[in-house]
> 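Sharing a structure below in structure tokens format, with a few things to ask.
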Amino acid sequence: MIDEFAKDTLHGRLRRDREALLWKLDGVSEYDARRPLTATGTNLLGLVKHVATVEARYFGEVFGRPSPEPLSRWQDYDGSDLWAAEDETRDRITGFYRRTWEHADATIDALPLDAPGHVPWWPEPHSDTNLFAVLVHILGETVRHTGHADILREGLDGRTGLRPEHEKPIDEEARAAYRAKIERAAAGSAASTPPVDSGSRPDF
């Protein structure tokens, strides 16, 4: 009974956060969806492509249920799942993600949480695992990258949130006041804290 509850809870959270990640593309121009928004090249559409690829691998070959989507060998990983090539449309990438959900959901529904799996790209002795560990891993991966996407989207146009039904109109004045309050606290703390002498050893 607890296993089914755990699986339903984890799976439900994964479904929720998949949708949240895709929502971060809503209303974004083709250029803004693709362009690098950090010094390391992180971009919105690339996050979706990456999470889709990761999920396809983990709920596919790890459990002997290869994804029907064409995937390069994991041994040939070159980082190309982190960005969209010129000929890769947004619909192609989001469609890949949604079809991956269907295959992953079928794997999750078909197997018990203790079903054995093998992750060949994990180091020994961790490569032999089970559905529970993989489900937790993919949920963490999805949450992490949805958080990245949330920050990127805020930087583009100020939109934030988890789901469209919870989104509120942006109050620029309130945001500015809130940010200023945090800035004052940070500045005040920095001014009142003596500098750290890196050459001295603290007493314990």
Side-chain angles (χ1 to χ4, degrees), residues 6 9-55 58 77-85 88 90 93-94 97 101 121-123 126 133-204:
T9 300
L10 293 170
H11 197 181
R13 179 62 184 267
L14 178 60
R15 287 189 173 108
R16 186 192 77 172
D17 292 333
R18 288 166 173 166
E19 293 285 0
L21 177 56
L22 273 191
W23 179 50
K24 296 304 168 182
L25 291 172
D26 183 52
V28 175
S29 71
E30 203 62 41
Y31 174 61
D32 283 341
R34 296 164 174 270
R35 67 185 177 99
L37 296 169
T38 70
T40 55
T42 308
N43 60 96
L44 286 169
L45 196 54
L47 288 172
V48 173
K49 183 180 175 184
H50 172 68
V51 173
T53 303
V54 168
E55 189 165 330
Y58 275 91
Y77 181 75
D78 60 1
S80 59
D81 66 326
L82 296 169
W83 55 281
E88 289 182 299
R90 186 190 311 211
I93 290 173
T94 58
Y97 193 21
W101 298 357
W121 50 89
W122 282 3
H126 308 292
V134 168
L135 192 47
V136 170
H137 178 78
I138 294 302
L139 177 57
E141 186 87 0
T142 305
V143 170
R144 176 172 179 253
H145 291 308
T146 300
H148 292 157
D150 198 37
I151 295 297
L152 296 184
R153 185 62 192 262
E154 181 180 352
L156 283 173
D157 59 11
R159 289 181 67 181
T160 62
L162 182 63
R163 292 191 292 275
E165 61 267 28
H166 293 163
E167 188 176 20
K168 298 177 181 178
I170 297 172
D171 185 334
E172 298 287 1
E173 186 175 337
R175 281 190 175 183
Y178 181 66
R179 187 182 187 283
K181 179 171 68 173
I182 299 172
E183 175 62 35
R184 287 193 300 273
S189 176
S192 63
T193 303
V196 176
D197 181 357
S198 58
S200 62
R201 181 179 181 279
D203 295 324
F204 292 102

> Could you walk me through whether Glu30 and Arg90 pass the salt bridge (Lys or Arg N to Asp or Glu O under 4.0 Å) check?
CA-CA 8 Å; Glu30 203 62 41; Arg90 186 190 311 211; 3.5 Å; yes
> Please examine the side chains of Arg153 and Trp23, heavy atoms only from C-beta on, and report whether any two atoms are closer than 4.5 Å.
no
> For the CZ atom of Arg179 and the CD1 atom of Ile182, what is their distance to the nearest 0.5 Å?
8.5 Å
> Locate the shortest heavy-atom distance separating Gly41 from Pro36; write the atom from each residue and the value.
CA-CB, 3.6 Å
> Mind checking the CD1-CZ spacing from Ile138 to Arg18? Nearest 0.5 Å is all I need.
9.5 Å
> Nearest heavy-atom pair of Glu88 and Trp83: which atoms, and what distance?
OE1-O, 3.9 Å
> Got a sec: does the OH of Tyr77 have more than 12 other heavy atoms crowding it under 6.0 Å?
yes
> Looking only at heavy atoms, which two atoms of Arg16 and Leu162 are closest? And how far apart?
CZ-CD2, 3.5 Å
> Do Arg13 and Val143 touch side chain to side chain, with heavy atoms closer than 4.5 Å?
yes
> Which class fits the ring pair His137 and Trp122: parallel under 30°, tilted 30 to 60°, perpendicular over 60°?
perpendicular
> Got a second to check how far Thr142's OG1 is from Arg15's CZ, nearest 0.5 Å?
13.0 Å
> Output the distance between atom NE2 (His50) and atom CG (Leu45), rounded to the nearest 0.5 Å.
13.5 Å
> By the definition side chain to side chain contact (heavy atoms under 4.5 Å, CB included), identify the one residue from Val28, Asn43, Leu47 that meets it with Leu152.
Leu47
> Leu37 and Thr42: side chain to side chain contact (heavy atoms under 4.5 Å, CB included), yes or no, with the steps?
CA-CA 6 Å; Leu37 296 169; Thr42 308; over 6 Å; no
> Scan Val54, Ile93, Leu44 and name whichever one has a side chain to side chain contact (heavy atoms under 4.5 Å, CB included) with Lys49.
Ile93
> Applying side chain to side chain contact (heavy atoms under 4.5 Å, CB included) to Tyr97 and Glu55, what does each step give before you reach the verdict?
CA-CA 9 Å; Tyr97 193 21; Glu55 189 165 330; 4.1 Å; yes
> Taking atom OG of Ser29 and atom CG of Asp157, what is their separation to the nearest 0.5 Å?
9.5 Å
> Just verifying a value: how many Å separate Asp17 CG and Thr146 OG1, rounded to the nearest 0.5 Å?
5.5 Å
> Surrounding CZ of Arg163 (heavy atoms of other residues, nucleotides or ligands, distance under 6.0 Å), is the total greater than 12?
yes
> Please report the C-alpha distance between Arg175 and Asp171 in whole Å, then the side-chain angles of each, then the deciding distance to 0.1 Å, and finally whether the salt bridge (Lys or Arg N to Asp or Glu O under 4.0 Å) criterion is met.
CA-CA 6 Å; Arg175 281 190 175 183; Asp171 185 334; over 6 Å; no
> Taking all heavy atoms of Arg34 and all of Ala85, pick out the closest pair and write down the distance.
NH1-O, 3.1 Å
> Side-chain contact test, heavy atoms from C-beta onward, threshold under 4.5 Å: evaluate it for His148 versus Thr38 and give yes or no.
no
